[in-house]
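Since this is a predicted model, take the numbers as computed values, not measurements. These numbers come from the heavy atoms of this one structure, side chains and all, not from hydrogens, waters or symmetry mates. In what follows, chains carry the letters A, B, and so on, assigned in the order in which the sequence lines appear, proteins first and then strands, with residues in each chain numbered from 1.
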2 protein chains.
Amino acid sequence: MGSVYEGPIQALIDELGRLPGVGPKSAQRIAFHLLKIPPEDVARLATTIVEAKRKVTWCRRCFNFATGDLCSYCLDERRDRTVCCVVEEARDIVAVERTHEFHGSYHVLQGAIAPIEGVGPEQLRIKELLGRIGDEGITEVILATNPNIEGEATAMYLARLCKPLEIRVTRLASGLPVGGDLEYADEITLGRALEGRRDL
Amino acid sequence: MGSVYEGPIQALIDELGRLPGVGPKSAQRIAFHLLKIPPEDVARLATTIVEAKRKVTWCRRCFNFATGDLCSYCLDERRDRTVCCVVEEARDIVAVERTHEFHGSYHVLQGAIAPIEGVGPEQLRIKELLGRIGDEGITEVILATNPNIEGEATAMYLARLCKPLEIRVTRLASGLPVGGDLEYADEITLGRALEGRRDL
């Protein structure tokens, strides 16, 4: 749409448009909203952003977000330290937690292997994962990277590294989403569902 | 999803979730993005927000956003001051400008009459519009409020006020969107298109 607004308005729209999932229309909508609401609400938003950034760091052990040295999962004594769920991003932990089915520890890779985007294994927290396997008595690593090309490649790579360590290495099952419709399933998902079929 | 994150992260997600069009999922996504990018980028976002809010006020004449006493349209000597396009919000000006068909002045009501939300005519910049009609020699008012219930009610209300002033009062045409499909038009729009049909 080009620069149709006066300086500070356009700067605001441009900055907001850099956020993930915020297109030019949404950026404009949010900008106009901010220009309309009371200044104290705007100040609080800006302060919350800066404060969160200042207070939140990485967990020294699992690389989840943390407000101290360790994240809440690593601090929780009730978690089973022998099973470690490996995810790409901190947000994936929340998805796993919502199942209420996992009570082990986590490890956040902080990405996935993506050669096209220049992300190789050395950019991920893989060395740290291998260190933990040695130090913490981990007996099973669940590879919970995304079921896409990058996630699969990362899982394959990690599986190859972990196998010689004589621990159990598992991968999340691929298949039809529960409540989904066979008719609308894409052929790759349906293929995976067939491949992974289970005896009843 | 409840408060599943540590304090500052949850506070950030909550603040972002208050922005228009940002649901809980998007708020989480933006929050995690901000926690991942360099601190200087986050600082720049926060500063831009606060700066925009500090520098941008209302145009004294038309109530568009302005960085000074008057907005860029009111400062522009080439605009035709005899025709005034009345819109609900400042963002609507941009939509009208994109047509390149209008070269008059604007007036921003800063809302529409919405009794359910407690917005009556006295909350809008209607008194100021009537003042301008008297002072500025406006000969036509184009009512460009939204084609929904609130916008129509506001247009009707304004038309009743402006008629005795012996100026031309017009309303944007309602009808089928260009490039749209008759088959998918809702009955109200199609009804309006019929009602407003033109001789060829």
A.B. asks: Is there a path of hydrophobic side-chain contacts, each under 4.5 Å between heavy atoms of I, L, V, M, F, W or Y residues, that connects B:Y157 with B:L124?
C.D. replies: yes

A.B. asks: Is there a donor-acceptor pair under 3.5 Å between the side chain of A:K53 and the backbone N or O of B:L35?
C.D. replies: yes

A.B. asks: Determine, using the 4.5 Å side-chain heavy-atom cutoff (strictly less than), whether B:I37 and B:L12 are members of one ILVMFWY cluster.
C.D. replies: yes

A.B. asks: Assigning hydrophobic clusters by single linkage (Ile, Leu, Val, Met, Phe, Trp, Tyr; side-chain heavy-atom cutoff under 4.5 Å), is B:V94 placed with B:L75?
C.D. replies: no

A.B. asks: Identify the heavy atoms of B:L19 and A:H33 that sit nearest to each other, and give their distance.
C.D. replies: CD2-CD2, 4.1 Å

A.B. asks: Counting heavy atoms not belonging to B:E122, are there more than 12 under 6.0 Å from its CD?
C.D. replies: yes

A.B. asks: Measure the spacing between CD1 of A:I9 and OG1 of B:T67 and express it to the nearest 0.5 Å.
C.D. replies: 7.0 Å

A.B. asks: Would a hydrophobic clustering, with Ile, Leu, Val, Met, Phe, Trp and Tyr connected at side-chain separations under 4.5 Å, put A:W58 with A:L109?
C.D. replies: no

A.B. asks: Can you check whether A:F65 and B:Y5 have ring centres sitting under 6.0 Å from each other?
C.D. replies: no

A.B. asks: Heavy-atom pairs under 4.5 Å with chain A: which of B:L45, B:I93, B:V50, B:T47 has the most?
C.D. replies: B:L45

A.B. asks: Quick check for you: to the nearest 0.5 Å, what is the distance between B:Q28 atom CD and A:R91 atom CZ?
C.D. replies: 8.0 Å

A.B. asks: Of the backbone (N, CA, C, O) and the side chain (C-beta and beyond), which part of B:S26 lies under 4.5 Å from a heavy atom of chain A, both, or neither?
C.D. replies: neither

A.B. asks: Relative to chain B, which of A:I30, A:D41, A:V22 shows the most heavy atom pairs under 4.5 Å?
C.D. replies: A:I30

A.B. asks: I'd like to know if A:Y73 and A:L129 are part of one continuous hydrophobic network [Ile/Leu/Val/Met/Phe/Trp/Tyr, side-chain heavy atoms within less than 4.5 Å].
C.D. replies: no

A.B. asks: Looking at A:R168, I want to see if its CZ is surrounded by more than 12 non-hydrogen atoms of other residues, nucleotides or ligands under 6.0 Å.
C.D. replies: no

A.B. asks: More than 12 heavy atoms of other residues, nucleotides or ligands under 6.0 Å from CG of B:L130: yes or no?
C.D. replies: yes

A.B. asks: For A:R132, I'd like to know if atom CZ has over 12 heavy atoms of other residues, nucleotides or ligands within 6.0 Å.
C.D. replies: yes

A.B. asks: Just give me the residue among A:K36, A:E51, A:Q110 that pairs up with chain B most often, heavy atom to heavy atom, under 4.5 Å.
C.D. replies: A:K36

A.B. asks: Which answer fits B:R18, side chain, backbone, both or neither, if we ask what part of it has an atom under 4.5 Å from a heavy atom of chain A?
C.D. replies: both

A.B. asks: Tell me, for B:E97 versus chain A, whether the close heavy atoms (under 4.5 Å) come from the side chain, the backbone, both or neither.
C.D. replies: neither

A.B. asks: For the pair A:T48 and B:L16, evaluate side-chain contact (heavy atoms from CB on, under 4.5 Å) and give the outcome as yes or no after the intermediate values.
C.D. replies: CA-CA 9 Å; A:T48 308; B:L16 293 168; over 6 Å; no

A.B. asks: Measure distances from B:K55 to the heavy atoms of chain A and classify the residue's part below 4.5 Å as side chain, backbone, both or neither.
C.D. replies: side chain

A.B. asks: Could you tell me which of B:P20, B:A46, B:P8, B:A52 has the largest number of non-hydrogen atom pairs under 4.5 Å with chain A?
C.D. replies: B:P20

